[in-house]
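A short write-up of the structure that comes next.
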Amino acid sequence: MEKLIKPIKAISYIKNGDSILVGGFGVSGTPLTILDEIASSDLKDLTAVSNNLGEKGKGLGKLLDAGNLKKAVGSYFTTGRHAVEAWLEGRLEIELVPQGTLAEALRCGGAGIGGFYTKTSVGTKLAENKEKKVIDGEEYVFEKAIKGDVALIKASRSDTLGNLTYDKTALNFNHVMATAGKTVIVEVDEIVEAGEIEPQDIITPHLYVDYIVENKYIKKGGEYIEPSNSAENSKKGVGTIG
Amino acid sequence: MSQAIRLKIAKKVSELLVEGNVVNLGIGIPTLIPDCIGDKNVYLQSENGILGMGATPADEETDMDLISANKQPVSLNKGASIFDSADSFSMIRGGHIDLAVLGALQVDETGEIANWAIPGKAILGVGGAMDLVMGAQKIIIATTHLTKDGNPKIVNKLTYPSSGKRKVDMIVTEHALFKFISSKMYLMEVLSDISFEELKQITPASYEISSSFIAS
């Protein structure tokens, strides 16, 4: 199956200075395996577009510690101290975007739309220096679409073509990011044959997906746990894991 | 601020919820509301993609891929649906949410609020606050009357950064319920044994006593 690749191969599609769109809300729906691979690489000056930066030592939090990131674009960086500290120490630039504006900017980026006008943030610091327009008597602010060099997303299941389904609220930003990345790499818990997912259950059709990586984490007690090395070594090829 | 006071505010707001409404709950005191609703049939929308969010599940049923906007585990009520972030904020900005219950750092006497940033501190989190402020049909602010340091939160003019031009509809604190009508603030109800004079002292915003005022 040509789309299935190893994590080490996946990160070869990312270059220094790239913008990466990273799915997830908190750490739910985050491609942890691919991010671990980036954290152990020499990649640098990356701009991460993501709602938040994972947790300390988990997901994008690892990239922050490893020094892969130059900038973060997202809506909420105050859940943990890790992003705030990096910003205070000058290790990280932050561009704050309202959460709905982030989602819509990505949707536009993936849909061939240059930008959009929204009432969100009008009259606030976040709308300063942005173009305003009065439509039907109400003031709107212009927001440019967001696209990424590489989208790194997480789904629960993929078929061999790259059709995706998601697990509950782990869906969050993953689908829109799949539409807005030039190269799209999905991390999945399970890979099945094409035809095994009911067509109406597919959330992200395969044309958006370039590569598939298997998740090395195992879901246990409602959380993704990093498996021991031995478990990882015994893992192989296409099939169900975890 | 004691948990009992926070719970008192959450309970009062719960009484105001209208059966059948779609309600989005913000961070802070609003997160206590799901446990105060009882049998009232409201549909809770969560910005990360749920309509029909239910109560906190038992430990063994906890799934960290079924979480609220606070990133806490939740359950799904009968008839619940899950959707992506773009859809969720189409609901929020598009006016499909009947009511948002939000916390606030400050509210001014016209009903404009500040709920995302503190002057002089790093401004690094906004989440869905501004989208909700602009898009929800109705907004109730659920907040303690004073800050932790005893400073008024209901003020003449905001000194904290605004969350948007849109005015809120109501404020519920442990002491009082205020309503905004055409950017004017009215005292509707006193919820503690505080006197009018004492209330005035801790509420710098100008307000009038409503003609339909209810004493505690």
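Proteins come first, then strands; the chains are lettered A, B, ... in the order of their sequence lines, and each starts at number 1. Every value quoted in this text rests on a predicted model; they were computed, and no experiment measured them.
- Here the closest non-hydrogen pair linking Tyr76(A) and Ile27(B) is OH-CD1, 3.8 Å.
- The local environment of NZ in Lys179(B) is sparse, with at most 12 non-hydrogen atoms from other residues, nucleotides or ligands closer than 6.0 Å.
- Of the atoms belonging to Ser68(B), it is backbone heavy atoms, and not side-chain ones, that fall under 4.5 Å from chain A.
- Heavy atoms closer than 4.5 Å to chain B are found nowhere in Ser156(A), neither backbone nor side chain.
- Taking CE from Met134(B) and OG1 from Thr118(A), the interatomic distance works out to 7.5 Å, rounded to the nearest 0.5 Å.
- Ile123(B) touches chain A through backbone and side chain together, each having a heavy atom under 4.5 Å away.
- Looking only at heavy-atom pairs under 4.5 Å with chain A, the residue among Arg166(B), Glu112(B), Glu61(B), Lys71(B) that has the most is Lys71(B).
- Neither the backbone nor the side chain of Glu95(A) comes within contact range of chain B; no heavy atom of the residue lies under 4.5 Å from a heavy atom of that chain.
- With a threshold of 4.5 angstrom between heavy atoms, Tyr166(A) does not approach chain B through any atom at all.
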Under the side-chain contact (heavy atoms from CB on, under 4.5 Å) rule, what do Asp63(B) and Lys219(A) come out as? Steps first, then yes or no, please.
CA-CA 9 Å; Asp63(B) 179 354; Lys219(A) 201 164 179 185; 2.8 Å; yes

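- Comparing Ala72(A), Pro98(A), Gly123(A) by heavy-atom pairs within less than 4.5 Å of chain B, the highest count is held by Pro98(A).
- Atom CE of residue Met64(B) and atom OH of residue Tyr224(A) lie 12.5 Å apart, to the nearest 0.5 angstrom.
- Nearest heavy-atom pair, Leu171(A) versus Asp84(B), reported as atom, atom and distance to 0.1 Å: CD2-N, 3.5 Å.
- Across all their heavy atoms, Ile82(B) and Thr169(A) have their closest contact at CD1-N, 4.2 Å.
- To the nearest 0.5 Å, atoms OG (Ser75(A)) and CH2 (Trp116(B)) are separated by 11.5 Å.
- For Leu158(B), no part lies near chain A; criterion is any non-hydrogen pair under 4.5 Å.
- Ranking Gly29(A), Ala170(A), Gly221(A), Ala127(A) against chain B, the residue ahead of the rest is Ala170(A), based on heavy-atom pairs under 4.5 Å.
- Other residues, nucleotides and ligands contribute at most 12 non-hydrogen atoms within 6.0 Å of the NZ atom of Lys157(B).
- Once rounded to the nearest 0.5 Å, the distance linking OG of Ser85(B) with CG of Asn174(A) reads 8.5 Å.
- Taking a 6.0 Å sphere around NZ of Lys132(A), one finds it holds more than 12 heavy atoms contributed by other residues, nucleotides or ligands.
- In terms of non-hydrogen atom pairs under 4.5 Å with chain A, the most contact-rich of Ile67(B), Val126(B), Leu124(B), Leu132(B) is Leu124(B).
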Between Ser28(A) and Asp65(B), does a side chain to side chain donor-acceptor pair (under 3.5 Å) hold up when you go through it step by step?
CA-CA 5 Å; Ser28(A) 174; Asp65(B) 286 324; 2.7 Å; yes

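- The choice from Val97(A), Asp167(A), Leu96(A), Thr78(A) that makes the most heavy-atom pairs within less than 4.5 Å of chain B is Leu96(A).
- Between Arg93(B) and Thr101(A) the shortest heavy-atom distance is NH1-N, 4.0 Å.
- More than 12 non-hydrogen atoms from other residues, nucleotides or ligands lie less than 6.0 angstrom from CG of Asp201(A).
- Proximity to chain A is absent for every atom of Ser88(B), based on heavy atoms less than 4.5 angstrom apart.
- The 12-atom threshold is not exceeded at NZ of Lys147(A), counting heavy atoms of other residues, nucleotides or ligands nearer than 6.0 Å.
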side-chain contact (heavy atoms from CB on, under 4.5 Å), that's the test. Do Gln99(A) and Met130(B) meet it? Break it down for me.
CA-CA 8 Å; Gln99(A) 195 178 152; Met130(B) 289 184 182; over 6 Å; no

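- For chain A, the nearby parts of Ser162(B) are the backbone and the side chain; heavy atoms of each come within less than 4.5 Å.
- Contacts of Ile92(B) with chain A are absent, with no heavy-atom separation under 4.5 Å from either backbone or side chain.
- With a threshold of 4.5 angstrom between heavy atoms, Val27(A) does not approach chain B through any atom at all.
- The minimum heavy-atom distance between Arg107(A) and Ala86(B), with the atom names listed, is CD-CB, 4.1 Å.
- The heavy-atom pair separating Pro161(B) from Lys125(A) by the smallest distance is CG-CE, 3.8 Å.
- In the model, Thr120(A) has a side-chain atom that pairs as donor or acceptor with a side-chain atom of Asp131(B) under 3.5 Å.
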